[in-house]
Protein chains: 2
Amino acid sequence: MVATIKNVAAEASVSPSTVSRVITGKAPVSSDKREKVLAAIKKLNYRPNILARGLKSKETKTLGLILPNITNPFFAEVAKGVEDAADAAGYNVILCNAGDDGAKEIRYLEVLHKKWVDGIVYDTVGVDTVDYLRTIMGDGIPIVTMDREIKGLPVDAVCLDNVKGGYIATRYLIALGHRKIALIAGPVYISTTTDREEGYRRALDEVGIQPRPDFIRYFSYDFESGFNAAAELLSFDDPPTGFICANDMIALGVIQQLERKGFQVPMDFSVVGFDDIYVSRLVKPALTTIAQPKYEMGQKAVALLLEHIARKRKRPKTALFAPELVIRESCGEQVRK
Amino acid sequence: MVATIKNVAAEASVSPSTVSRVITGKAPVSSDKREKVLAAIKKLNYRPNILARGLKSKETKTLGLILPNITNPFFAEVAKGVEDAADAAGYNVILCNAGDDGAKEIRYLEVLHKKWVDGIVYDTVGVDTVDYLRTIMGDGIPIVTMDREIKGLPVDAVCLDNVKGGYIATRYLIALGHRKIALIAGPVYISTTTDREEGYRRALDEVGIQPRPDFIRYFSYDFESGFNAAAELLSFDDPPTGFICANDMIALGVIQQLERKGFQVPMDFSVVGFDDIYVSRLVKPALTTIAQPKYEMGQKAVALLLEHIARKRKRPKTALFAPELVIRESCGEQVRK
DNA sequence: CTGTTAGCGCGTTCAA
DNA sequence: TTGAACGCGCTAACAG
């Protein structure tokens, strides 16, 4: 049998309200009654039922986190940041692995909606969810997107300065003497991809290099993509000497392909990754990459949500984080022609 | 404004009960009223409030998952298995990163208790939580532990056959000709560690090798531990030629230290990891390791929980999984003396 | 300072 | 087949 507030009240010979006041601390209670209540709580091992409380207060003290795959170290870092920040503020987080499945994403949005979470961190690339996001926001549940701004939806966002990221990666390779630089980008339709491409083009443009369309390839964010993209690029008559990759897993795939064909990195080709997942430093050659502050970005997402929950702000806001070049071993001076 | 069941009832000119019946499907409703209700639901964009439902039904359709660190790829895999299985059964999961902090673990248990989760997957190494676990179970919330049996507590568990894991790793090195085999184990007080050590000793015993106490080192599960342990072991007059590690990160640290001292793996020393996290195959030399079915174990944990929730079983049960030797590149024939 | 009352949104009696 | 009434556990409003 689980104790309720009534049992405690009976045990302490007071009214349920008094018990409630002791617990919430929102109203004064005489110290003798307080002690009796505390004793009763302890004796009956009473825990307030948060569901019932939420039914009244409209607060669940839980947040939703939707991401593609927690198994991906990038998202795991973000998740940790989200969870830590939420915990520090007294919130829990419901983890939702949406995969690449748009339908599943919508189903999760529905569930979080029905569970009355107090806010949602939305970290995916799905495209068909705008309507539902609008519905949820209409019901007063704040949403913050990660690395993605949704046109037409006044939603908070936590983003990396992807233009700059693409730019500094490209400049670095240029400084090393590379002129033929390929960009193995992410899926073509998302802003992350287009922003990085813009930075890439800008860097090329600054030094008067004409970007070659066949050097820009759109793939997905995994090892195989890198592996395949490198094979394609290498088959050209005049292949690139440097590769800028949309994430570290792609970069690892590229390197694998390069080595499989008998080349050496960074002696023959240079490769720069993106994200700086922890594997990057374990691998040989250790990956030179564009780091994003994943953990901090997760924390920031929660901070933005909490501002909305506290009604401190109603206008949408975008938090922009700066990418950073981490130089390790996968890039070298251009020597091949 | 968010629609409630009353609004829907008014819109459809029926009673709230009828709306409820349409939604739950637990009682017959005439088809004309059903259609009117459905239309009203759609029009008002109504979503049943799961909190209120839970208040009645005593079900929250959410599970708790407590683990040390989601950033560790091992736990991320487990978490994915948990999440997938939960989702398939209509449950959500609250993610709790307990770190190595015992106090935080207890706080999380309290929170999950208060939130009335329907079950808890408990995947940590904490030692001081037994009392609280007992309390929670007393309130009817089933718990399943991962890789850990708690003496005196009749709780379900999902375990790897760690004795066998230690055994096959050791036999493999023996078959390669090694006689001086070190065990870089986990924390000394947990069953995972002692079980693997037992397997190690058994394998040694079978071929008449006397285990050397100074070859068994207790460390924690990270890269630095491996790095430091290898340094210690290497400083011996008569160092080991093979290393069996409690997890892959430790093994990676060992290899790093070995190479730092100018040795080569597997030419000079052999190293076996444990877990088979995905990094293991990316690294050079690719790690030979003892794989555990992490994802499946996560799934199984949820399955056990659901059995309890459905009251199909009351006796505690332990699901045992088999470890598997994955041979890659980090072990070779013993040549050094 | 304290108890009584009412109601959050829903499902489940009980009658009709 | 349907509606009215009640209660899940809690907190807020109102009296006292």
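So you know, we letter chains A, B, ... as the sequences are listed, proteins then strands, and number each from 1. Side-chain atoms are counted along with the backbone in the values below, which use heavy atoms only and exclude waters and symmetry mates.
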Is the closest basic N to carboxylate O distance between [X] and [Y] below 4.0 Å?
| X | Y | result |
| --- | --- | --- |
| D139(B) | R47(A) | no |
| K300(A) | D156(A) | no |
| D32(B) | K36(B) | no |
| D123(B) | K294(B) | no |

Counting C-beta onward and ignoring hydrogens, is there a side-chain heavy-atom pair between R53(B) and I23(B) closer than 4.5 Å?
yes
Can you find a heavy atom in the side chain of V117(A) that is under 4.5 Å from one in the side chain of L63(A)?
no
Would you mind reading off the distance between [X] atom [atom1] and [N] atom [atom2], rounded to a whole angstrom?
| X | N | atom1 | atom2 | result |
| --- | --- | --- | --- | --- |
| K56(B) | dC6(D) | NZ | P | 13 Å |
| K36(B) | dT2(D) | NZ | P | 10 Å |
| L55(A) | dA12(D) | CG | P | 13 Å |
| E59(B) | dC10(C) | CD | C1' | 14 Å |
| N7(A) | dC8(D) | CG | C1' | 13 Å |
| I5(A) | dG9(D) | CD1 | C1' | 7 Å |
| L51(B) | dG7(C) | CG | C1' | 16 Å |
| I41(A) | dC10(D) | CD1 | P | 10 Å |

Pairs under 3.5 angstrom, nitrogen or oxygen only, protein versus nucleotides 2-4 of chain C, please.
unit_1: dT2(C); atom_1: OP1; unit_2: S30(A); atom_2: OG; d: 2.4
unit_1: dT2(C); atom_1: OP2; unit_2: S30(A); atom_2: N; d: 2.7
unit_1: dT2(C); atom_1: OP2; unit_2: S30(A); atom_2: OG; d: 3.4
unit_1: dG3(C); atom_1: OP1; unit_2: K33(A); atom_2: NZ; d: 3.2
unit_1: dG3(C); atom_1: OP2; unit_2: S15(A); atom_2: N; d: 3.3
unit_1: dG3(C); atom_1: OP2; unit_2: S15(A); atom_2: OG; d: 3.3
unit_1: dG3(C); atom_1: OP2; unit_2: T18(A); atom_2: OG1; d: 2.6
unit_1: dG3(C); atom_1: N7; unit_2: R21(A); atom_2: NH2; d: 2.7
unit_1: dG3(C); atom_1: O6; unit_2: R21(A); atom_2: NH1; d: 3.3
unit_1: dT4(C); atom_1: O4; unit_2: S17(A); atom_2: OG; d: 2.8

Taking any heavy-atom pair under 4.0 Å as a contact, classify S57(B): base, sugar-phosphate, or nothing.
nothing
Looking at S20(A), I'd like to know whether one of its side-chain N or O atoms comes within less than 4.0 Å of OP1 or OP2 on dT11(D).
yes
Are K58(B) and dG11(C) close enough that a side-chain N or O sits under 4.0 Å from OP1 or OP2?
no
Sub-3.5 Å donor-acceptor pair from the side chain of T60(B) to the main-chain atoms of K115(B), do we have one?
no
